[in-house]
Amino acid sequence: MRRTHSAFVAIIATLCALALGACQPRAAHEDDTLPHFVEQNGRHAFIVDGEPFLILGAQANNSSNYPAALEEVWPAIADMHANTLEIPVAWEQIEPTEGSFDFSYVDTLVAQARTHNVRLILLWFATWKNTSPSYAPAWVKENNERFPRMINREGRVHYALSPHFQATLDADRRAFAALMRHLREIDGRQQTVIMVQIENEPGAYGSPRDYSPTAQALFDGPVPTALVQALHDEPGTWREVFGDEADVSFYAWHVAHYIDQVAAAGQAEYALPMYANAALRDPFNAQDPATYASGGPTFNVINIWKVAAPSLAVLAPDVYARDHRTATAHFAHYARPDNPLMIVEIGNDADYARYFFHVLGNNGVGFAPFGMDYTGYGNYPLGAAVVNAETVAPFASLYEVLAPMARDWAKLSLEHPTWGVAKPDDGADQTLELGRWRATVDYDEWQFGQSSWAFLGQQERRPESLLQQGGAMIVELAPDDYLLIAQNTRVSFALADPATANGMLFSSVEEGRFQNGEWVADRRWNGDQTDYGLNFGMRPRVLRVRLASY
Ligand code: DGJ
């Protein structure tokens, strides 16, 4: 098992402790007990309290980061059965005047999260929020000389802050370090806060990079050796090494390096795992960098970000594509041996809920629809127009089933093969190759019989088959022994190679749950419940399926 974060911080802190003896008790000293990511054979888990933890998350709206709004956040989180709330901490609210900090909101938030038995992922909205500095304090936003904005391709002042100026970086990381120091003091033991997002959808729209004289001088200089070596390229200028991709590669490097320095300053105070999120670009077609958030961790620059920002454990996609083809292409770009698949934002309309199966079945460590609170805001067309208990329900039904076994799933997902599919837009069957067995996931069958049986004269379609909801996830517990969680579908099994035996049989199908890490069967499925595949309605169920052949 490989620790993928904070090794650097740990070494520095240890050296510091040895050399000075009198160092503050820093996070690195508590490191083994802090949340962190592990990677094992290319699979990932997020460890909290020493055990794998599955983030059944929800993100609050952008302006819900005040005590008054929290009253309308917690009921949605409870309705969802979420175990983790992602919520902003704005630079403007903790440092309204330079050098003087106000952590009263953070204190209230952490105390209330404990009361509600919910973990927190804090979102540090600072230099970049959807690329703009809107959440920076007024003393930053209004001082364009001290904190320069970028210059766009056409030579005009751009709205985004430039990543190339020390004063901006220093101010951001000083505030962030203060936040992390405070968090260590109030939460170092209890660890209600389990992770921190640095900035939000960084980069810039409307310009591939900063074209100011300062930026241009850097652009005309050599590509940093670390990057050239990591990419196995020849040394040279950005243009020489990256050709047409030079502008976006240069900007990605500098945004990532800036964010890395903010994260490192925070981790030197309190070494929680940190990540950056991406406003996504078209996963299929080339796109003019002026039309997407250039500089952010979009899929085309993940390799650059990985070198430039070693303090970040994860690069996470914000998925607002409803359609199956695009959404699953986004997931595929971010599920890598060096990057856990973690969906920190996805649309909150019902047709996004199905991706829960796909994400978890592809070793995802977490899932969190965006805008899940009852403050009266809906971000349609990205997500739902109205957010109420009905909006929350499609996610809640999934979380409710997973919540009691969240850590079991996270552990199994680290150690065992998993598969997962979300219902495709056209409702077509999907096949999962499990090795000896092949599973077919079918969205258009009644629970009894086969649609091909014309003699029964059935013409109606199952009403739920018209919904864009459902899917299946499977983990192999042992050979021929699977855990299957599914919704609104029929899952059938067959021999992958029909020549190897006469046919498949269910040795047993148990419906049950995990209790203290052990499988507990509540009943067996047989007869009608197994004769026509395993049929799942809108209520997801957990089955243990043992297969055999005759
Ligand atoms: C993605 C951003 O990261 C969120 O903060 C929010 O602005 C949504 N887009 C849109 O509601």
Side-chain angles (χ1 to χ4, degrees), residues 55 57-66 69 72-73 76-77 82 84-93 109 120-136 159-161 195-206 255-256 259 262 274-283 291-299 305 312 314-322 326-327 330-331 333-334 342-353 355 359 366-388 391-392 395:
I55 302 166
Q59 184 163 149
N61 277 300
N62 287 170
S63 309
S64 298
N65 54 317
Y66 290 86
E72 291 169 315
V73 172
I77 302 306
T84 304
L85 168 65
E86 301 171 357
I87 189 161
V89 175
W91 186 4
E92 65 178 355
Q93 79 184 131
L109 173 66
L120 293 170
I121 294 178
L122 300 185
L123 317 174
W124 175 237
F125 285 8
T127 299
W128 291 281
K129 161 62 176 81
N130 296 15
T131 74
S132 112
S134 49
Y135 282 82
Y159 67 85
L161 291 175
M195 199 168 355
V196 183
Q197 176 184 298
I198 312 296
E199 316 293 345
N200 190 85
E201 297 192 345
Y205 294 99
V255 172
I259 288 181
V262 176
M274 298 184 184
Y275 71 93
N277 64 330
L280 301 174
R281 53 166 277 179
D282 187 326
T291 66
Y292 68 90
S294 170
T298 50
F299 77 86
W305 268 76
L312 302 182
V314 186
L315 303 175
D318 291 350
V319 179
Y320 290 95
R322 289 171 195 256
T326 312
H330 288 316
F331 300 140
H333 278 306
Y334 289 82
M342 183 168 87
I343 304 306
V344 295
E345 279 187 45
I346 190 163
N348 60 358
D349 233 347
D351 47 4
Y352 290 100
Y355 296 120
V359 170
F367 192 85
F370 173 83
M372 287 310 214
D373 62 41
Y374 297 150
T375 55
Y377 187 80
N379 70 346
Y380 182 86
L382 293 184
V386 174
V387 181
N388 53 29
T391 323
V392 158
F395 299 92

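Basis for what follows: all heavy atoms, side chains included, without hydrogens, waters or symmetry-related copies. Counting convention: from 1, in listed order, for ligands and their atoms alike.
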_Numbered atoms and elements of ligand 1 in range of L382, under 4.0 angstrom, heavy atoms_ = 10 (C)
*Quick one: which ligand 1 atoms are inside 4.0 Å of a heavy atom on N200?*
2 (C), 3 (O), 5 (O)
*Does the side chain of Y135 come under 3.5 Å of the side chain of T127 through a donor N or O and an acceptor N or O?*
no
_Can you name the atoms of ligand 1, numbered from 1 with element, that are less than 4.0 Å from a heavy atom of D318?_
3 (O)
Run the side-chain donor-acceptor check on residues 374-385: report pairs under 3.5 Å with partners two or more places apart or on a different chain.
{"unit_1": "Y374", "atom_1": "OH", "unit_2": "D79", "atom_2": "OD2", "d": "2.6"}
{"unit_1": "T375", "atom_1": "OG1", "unit_2": "D373", "atom_2": "OD1", "d": "2.6"}
{"unit_1": "N379", "atom_1": "OD1", "unit_2": "G383", "atom_2": "N", "d": "3.2"}

*Identify, for atom 6 (C) of ligand 1, the protein heavy atom at the shortest distance, and state residue, atom and that distance.*
F370 CZ, 3.5 Å
*asked:* Under a 3.5 Å threshold, yes or no: a donor from one side chain and an acceptor from the other, between Y320 and E345?
replied: yes
*asked:* Working to the nearest 0.5 angstrom, can you tell me the gap between D318 CG and I346 CD1?
replied: 10.0 Å
*In terms of atom number and element, which parts of ligand 1 are under 4.0 angstrom from non-hydrogen atoms of K129?*
4 (C), 5 (O), 7 (O)
*Hey, what do you get for CD (Q197) to OH (Y275), rounding to the nearest 0.5 Å?*
3.5 Å
*Any idea which atoms of ligand 1 are less than 4.0 Å away from a heavy-atom of N379?*
10 (C), 11 (O)
_Straight-line distance of E201 CD to K129 NZ, nearest 0.5 Å_ = 6.5 Å
_Separation of T298 OG1 from W305 CH2 (nearest 0.5 Å)_ = 9.0 Å
_For atom 7 (O) of ligand 1, what's the nearest protein heavy-atom neighbour? Residue, atom name and distance, please._
N130 ND2, 2.9 Å
*What protein heavy atom sits nearest atom 1 (C) of ligand 1, and how far away is it?*
E345 OE1, 3.0 Å
*List every atom of ligand 1 that sits less than 4.0 Å from any heavy atom of E201, numbering the atoms from 1 in the order shown and giving each element.*
1 (C), 2 (C), 3 (O)
